[in-house]
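Each chain gets a letter, A, B and so on, in the order its sequence line appears, and its residues count up from 1.
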Amino acid sequence: MTRYGISRRAALLGTGGAVASFAIGGRAFGQAPAVVFGALPPLTGAGGPYGPAMLRAIQGVVEEANAAGGIRGRQIRVVAEDDQTNPDAGVRGARKLIDVDRVTALMGTWASSVTTAVAPLCWENRIPLFTVSGADSITLLPHQGFIFRTQPNSRLQIATGADFLIRQGARRIFHLAAQSPFAQSSQDVLLEKFRAVQGGAVAGYIVYERDKTAFRSEVDQILRARVDTVFLNGYLPDVTILLRELFRAGFEGRRFTPAYAVNQTTFQTLPNEVTNGVVTWQPSPDVNSGAFRRLQTRFGNVEVDPYSAQTHDHATLAILAAAQAGDASGVAIRDHVRRIASGQGEVVDNVADGLRLINAGRAVNFDGASGPVDFDDRGDIRGTKFRYERAENGRFVVMEIT
Amino acid sequence: MADWRDLLQVLVNGLMTGSVLMLPAIGFSCIFAVLRYPNFAVAGFATVGAFAGWVANVQWGLPVGLALLAAFLVAGAVGLAAEETALKPLRPAGPLTVAIASVALTLLLENILRFVFANDLRGYDLPVLRDWRFEGIRINPQQAMNVGYAVAAASALFALLAFTRLGRAMRAVADNPALADIKGVDPGRIARVAVFLGAGLAGFGGMLIGLDTSIDPLTGFRVILSVFAAAVVGGLGSIPGAALGALVVGVGEEMASVLLSPAYRTVTAFLAILLVLTIRPEGLLGRRG
Amino acid sequence: MEAYLTAMLVFAGIYALMALGLNVIWGLTGMVNLGLVGFFAVGAYASALLTKYWLWPMPLGWAAAGLAAALAGAVMAVIVARLRGDYLAIVTLGFAEVVRIVASNEVWLTNGTDGISGIPGPWRGAVSPQAFNLIFLGIVWAAVGIAFLLLARASHSPFGRVLRAVREDEEVAAVAGKPVLWFKLRAFCLGAAVLGLAGALYAHYNAYIAPEGFAPLLTIYIVLALTAGGVGAMRGAVLGALIVLLLLEGTRFLAQEIPGVTPVQKAALRESIIALSLILLLRVRPQGLIPERTRTRASP
């Protein structure tokens, strides 16, 4: 962390900082000071259903890494702040993590608005930002390589999903989207894909406010449109209600939704007869990979939601990059992420194996819980596969991985 | 929208939506009528009721009817406790101060629930029933039952106000506190009853909302503006007005969803408030002054 | 640490400006305004759009922000002029939500939920980040100082006295021959303009605004600031803003030290402490920490 000279004003403020520094405390285990990473998940607000699991995934990886000796003998500490799913609160939380806790990597931001607000702070302070936010504009920011986005570009995700649906025989589709940065781009891709097919059409497109709780009229329109497939492009709270409403109305068609909108808690909220047959999709490691096997075992055979899979990868990437560089500073991590995430090294799917190999001087190629995590120049992932699952009696069954 | 049936369906949908807003709106107006301040914590009471009903239904295995009763009682108790400890001491400072405190109170309730239950969505232990169809109009039996519960609860309140001594005393205090005091009505006791009933009804309504949507700390908060719209449109302090206002707002929101865009649902609620207040500043059934 | 404290002081300054603006509308004139975040958003968007897409110089953008917000304030004033306090609270709350929803949906104007990024800042990029921070700190608190002086003067002027009369008893003021609606309108415009300016400064400091950032919670913080500081007195608004920020950030460190609770519970505790503090503050000092010195003789 470079300082640009200490002015008198900063010195005065610095004394205030000394008073508050009791809360920071980088306690050293053994000889070397701890490596500090920052997490900024949504623990309250609209993202509240997702944040806690995302944070737990990060903490799990860090514990595993510390047990394996840490980053070249240095233990790792994670400091978490709630972003309240609000860019204003997110910025204040990020400033505290960056300036007070001196984190050398920031991970786990969820809302696109929070990520976009926090990104300039990260690149100005030369810290990498690992995010799950989907808005396309994020990687287009002038981030000098400091942004790593593990969520596939939304256009890619929707295009792949549309291809899958068409393969499955979908022809008339209704697009129901929650207000978000990628509602319109999803619609554009759907139109392109479905119009190119014989008999294909996007028979309806509705964008609704995220807090909406009544969807009767929307379901009426879906029924009237006589579609074979409905695409529920929303989030956990609204899609839960929509599934119930569609069941009540006797909709017999295909229901397709992102995996983050229907997860284990949905099976506890809705009876099986309502959820049976719902198809979800999410970025995924290859079915033949160790990473995929690990997904099923390491997370205790409980379905891991797509965001937690990604934050698991965030933590692993940061740790392995720092170990590879022999330096846990933000710039070193940025420069080494691609080195350990792609390339010719031995394939690893967890942080302990990765650390072991790196300490032995060998090259690694990390394949994560959310996919091969290979990043292009802009920080987007590429070459990822997608996993399609169908809900059956309270469990997800894999249909295909392509 | 070429068919009369489509219009009727929108009307039916609106009545369903509105009936679920009815009880929190009535609770809001009930408290306002007697205590003369807008209690924004009804959103919190609704969420408390939803969770209380969940505990009763899912963890203790009680049937829906008893769970609703639990929702009413717990929310009422919480409302009363909050009133006595947090809000009543602020009354001398004026209704606006109490109103601000009630905003903070709703935040506090939301976070206490989040502390205990976390953010995960929950659902009641009930089957999901298919719609009935009459002449191409679809009505869901669950939602019809919700309407039934809401109407029953509202009717019980009307009956209480109209036919019991307690109810008459409440109306007296609402009409003219000074006169009621002279006539020997204990304003403190009436206030407590009003808060208990208002919060309880909000909680009952919260469980109905939860039955139709899902339960999490933000359940009440999501419908907050529509509830206020209903109370204002009907006339603050008028309990029949709140019921009517809820139906008006419900139908209005559904029509706006269909005619304009679902993304502007809240805007409709706001415009409804504005429209009514411009034409009739005291609301549909409210009284001047 | 210095950067963090500087940034927090910048936010405190912006909150102080907002509290000053609210004070004119509510403290002086007695019109409850729970929709102040709407004026804040209008100012932020106006300045962001003008300076980023139309390449206006920043000071002009900020002035335009104040004007745009004042216009919105005028519209709101006309709408709510005849409403009582209770209705006022609810209607103004709705206004802020409407602004946020329009901003979310009208992508052609506001870029929708994607927000507007890359908003220019005074000397951003030309100096180090910390230097930019400090420069902006100076700008914000200079604005607070100017607003404070102007508004304090207005408060003690005949204009301010009429506003107070309107606050105390509208009908008496009307009987005394004052065109109440006109005064309310001007008060709303003035307060809204200050709020809009605060929004512009916020936009240029963060370089990014999005509809999600203009949440009702912000209104509650400013109301808390005004309550903590004293409704009616300008000095109280500034002190209150500092107290609020101390509360918001202090609870962060406090919650971190509590053992044995999950992160979600810590977050919930933090928000609970903030809500409880507001209630306690109202209990202890319903007139705020710096109560307004009441005048014993109302001048015509």
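Environment of CZ in Arg254(A): crowded, with over 12 heavy atoms of neighbouring residues, nucleotides or ligands closer than 6.0 Å. The 12-atom threshold is exceeded at OH of Tyr235(A), counting heavy atoms of other residues, nucleotides or ligands nearer than 6.0 Å.
For the set Glu254(B), Gln143(B), Glu253(B), Met16(B), the count of heavy-atom pairs under 4.5 angstrom toward chain A peaks at Gln143(B). Taking chain B as the reference chain and counting heavy-atom pairs below 4.5 Å, the highest number among Gln268(A), Glu273(A), Glu218(A) is found for Glu218(A). Each of Ala249(A), Gly250(A), Gly51(A) has some count of heavy-atom pairs under 4.5 Å with chain B, and the biggest count is that of Ala249(A).
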*Apply side-chain contact (heavy atoms from CB on, under 4.5 Å) to Arg122(B) and Thr265(A), showing your working.*
CA-CA 7 Å; Arg122(B) 294 156 201 274; Thr265(A) 64; over 6 Å; no
*Decide yes or no on salt bridge (Lys or Arg N to Asp or Glu O under 4.0 Å) for Arg244(A) and Asp212(B), but give the supporting numbers first.*
CA-CA 9 Å; Arg244(A) 188 190 282 119; Asp212(B) 213 27; 5.8 Å; no
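Side-chain contact between Thr44(A) and Glu110(B): absent, with no pair of heavy atoms (C-beta onward) separated by less than 4.5 Å. The closest side-chain heavy-atom distance from Arg222(B) to Arg210(A) is not below 4.5 Å. Under the 4.5 Å side-chain criterion, counting only non-hydrogen atoms from C-beta, Pro141(B) is not in contact with Arg248(A). Side-chain contact check for Pro49(A) versus Leu121(B): some heavy-atom pair is nearer than 4.5 Å.
Contacts from residues 100-109 of chain B to chain A, taken as heavy-atom pairs separated by less than 4.5 Å, involve no residues at all.
Judged by distance alone, the side chains of Arg216(A) and Gln9(B) never bring a donor and an acceptor atom under 3.5 Å apart.
Residue contact with chain A, scored on non-hydrogen atoms closer than 4.5 Å, is absent for Asp216(B). Using a 4.5 Å cut-off between heavy atoms, Asn13(B) contacts chain A through both its backbone and its side chain. Residue Leu126(B) touches chain A through its backbone alone, counting heavy-atom pairs closer than 4.5 Å. The contact between Val223(B) and chain A is made entirely by side chain atoms (from C-beta outward), counting heavy-atom distances below 4.5 Å. With a threshold of 4.5 angstrom between heavy atoms, Leu43(A) approaches chain B through N, CA, C or O but not through any side-chain atom.
Taking CG from Asp120(B) and CG from Leu236(A), the interatomic distance works out to 8.5 Å, rounded to the nearest 0.5 Å. One finds the CG atom of Asp211(A) at 11.0 Å from the CD1 atom of Ile224(B) (value rounded to the nearest 0.5 Å).
Of the charged side-chain nitrogens involved, at least one lies within less than 4.0 Å of a carboxylate oxygen, so that Arg138(B) and Asp220(A) count as a salt-bridged pair.
Judged purely by atom type and a 3.5 angstrom limit, Arg130(B) uses its side chain to pair as donor or acceptor with the backbone of Phe247(A).
Shortest non-hydrogen contact noted between Thr269(A) and Ser214(B) is CG2-CB, 4.2 Å.
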